[in-house]
Amino acid sequence: MIDSKYGKRFKQLRLQKNFSLDNASIGITSKSSLYYWEKGQRNMPFDKVVAMLNRMRIPCEELDFGLNDEHQYMFAITNAYLKNDKQKLKQLALISLQQLRENSQDKNVLLKAAISCNFLKNSTNELLFSPKNLASLEELLSEIKEWNYEDVFNFGNTLSLLPNKRIFGLAKLLIQVYLENKPKNYLKWEHAALNTIFNASVTLIISDRQYGKKLISELNLLKIDDIFAFEKIRLIFISELVNYLETENDSELVAHFFPTIEYLGFADLSTEMKKTFVKVKKQVA
């Protein structure tokens, strides 16, 4: 997630390129989300910022991150992932694993290595994260008590490394926190929590249908505010995936859901969900 302080700089770059809010955001995020981020009143996910910068042909470095800023590293990973640069992803993962070998007790270095390896596995299915490192990661995540923003971020960006049982357990805990102790007026946390829960659901649907269905039954308890339009669309998509798994009939998704999303101008979102649907269909086959 990109801190709100960078939104104002993004706006300057957008205006220099003569991009309107609509032209910069369409198919990537909502116009209102971009507006409030530029106003410094909301945060924005890494992948969406990188996608908008790429659309406007603006180098990520133009946001003026310091060389040691953790955002710079996440930008490098996200940019490589979105550009399907598998070589760069592997390079970043190997660098972070070397840093972990040199600083094996540093929790931040462990998380950095885990996130790097998570993106690499999502892109290539290559797993560089060792069982020993995974045990350390699971222990770290199991110690989460308050589920602050950083906890949500770390869990959401290491999903592909974790055992299904662990994903289910942590996601269920996060849902409970969302229902019972959701921070008031904290849109950054709510956005991250919803997307992490959704991603966990999709991960389980693809890898373990039973755990996936159990988590989705918990997911249906959530009441999502209208301001989270993208999240509501993703929730509908997840429900349609479950229907497909039960019936093996994809007509609703192919003939109605995807065309409607594209008609509304969310082409990138539709493309992302179609890729997920292909993975689910392979599981059924």
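Fair warning: this is a prediction, and the values are worked out from it, not measured in the lab. As a basis for the values below, the full set of heavy atoms in this structure was taken, side chains included, without hydrogen atoms, waters or symmetry mates.
Applying the salt bridge (charged side-chain N to carboxylate O under 4.0 Å, His left out) test to Asp151 and every residue at least two apart in sequence or in another chain returns nothing. Annotation: side chain to side chain contact (heavy atoms under 4.5 Å, CB included) contacts of Val109 (sequence neighbours excluded): Gln99, Leu100, Asn103, Asp106. Lys83 is linked by a salt bridge (charged side-chain N to carboxylate O under 4.0 Å, His left out) to nothing, counting only residues two or more places apart in sequence or in another chain. Checked against salt bridge (charged side-chain N to carboxylate O under 4.0 Å, His left out), Lys274 has the following partners two or more places apart in sequence or in another chain: Glu262. Here Leu94 pairs with Lys90, Leu128 under the side chain to side chain contact (heavy atoms under 4.5 Å, CB included) rule; sequence neighbours left out. With sequence neighbours excluded, the residues forming a side chain to side chain contact (heavy atoms under 4.5 Å, CB included) with Thr196 are Val152, Phe155, Leu174, listed by chain and number. For Arg55, there are no side-chain hydrogen bond (donor to acceptor under 3.5 Å, both in side chains) partners, not counting sequence neighbours. Scored by the salt bridge (charged side-chain N to carboxylate O under 4.0 Å, His left out) test, Lys86 finds no partners at all (sequence neighbours excluded). In this view, Phe237 and Phe257 satisfy the ring-ring contact (aromatic ring centres under 6.0 Å, His included) rule, not counting sequence neighbours. With sequence neighbours left out, Lys232 forms a side chain to side chain contact (heavy atoms under 4.5 Å, CB included) with Ile224, Asp226. Partners of Phe129 according to the ring-ring contact (aromatic ring centres under 6.0 Å, His included) rule, which considers only residues two or more places apart in sequence or in another chain, do not exist here. Residues satisfying the ring-ring contact (aromatic ring centres under 6.0 Å, His included) test with Phe266, not counting sequence neighbours, are Phe230.
Ring pair Phe277/Tyr244 is perpendicular by interplanar angle, where above 60° counts as perpendicular and below 30° as parallel.
Put simply, the side chain of Glu246 reaches to within 4.5 Å of the side chain of Lys213, judged on heavy atoms. By the 4.5 Å heavy-atom criterion applied to side chains, Leu92 and Leu120 are not counted as neighbours.
For Glu102, the CD atom sits in a packed shell: over 12 heavy atoms of surrounding residues, nucleotides or ligands are nearer than 6.0 Å.
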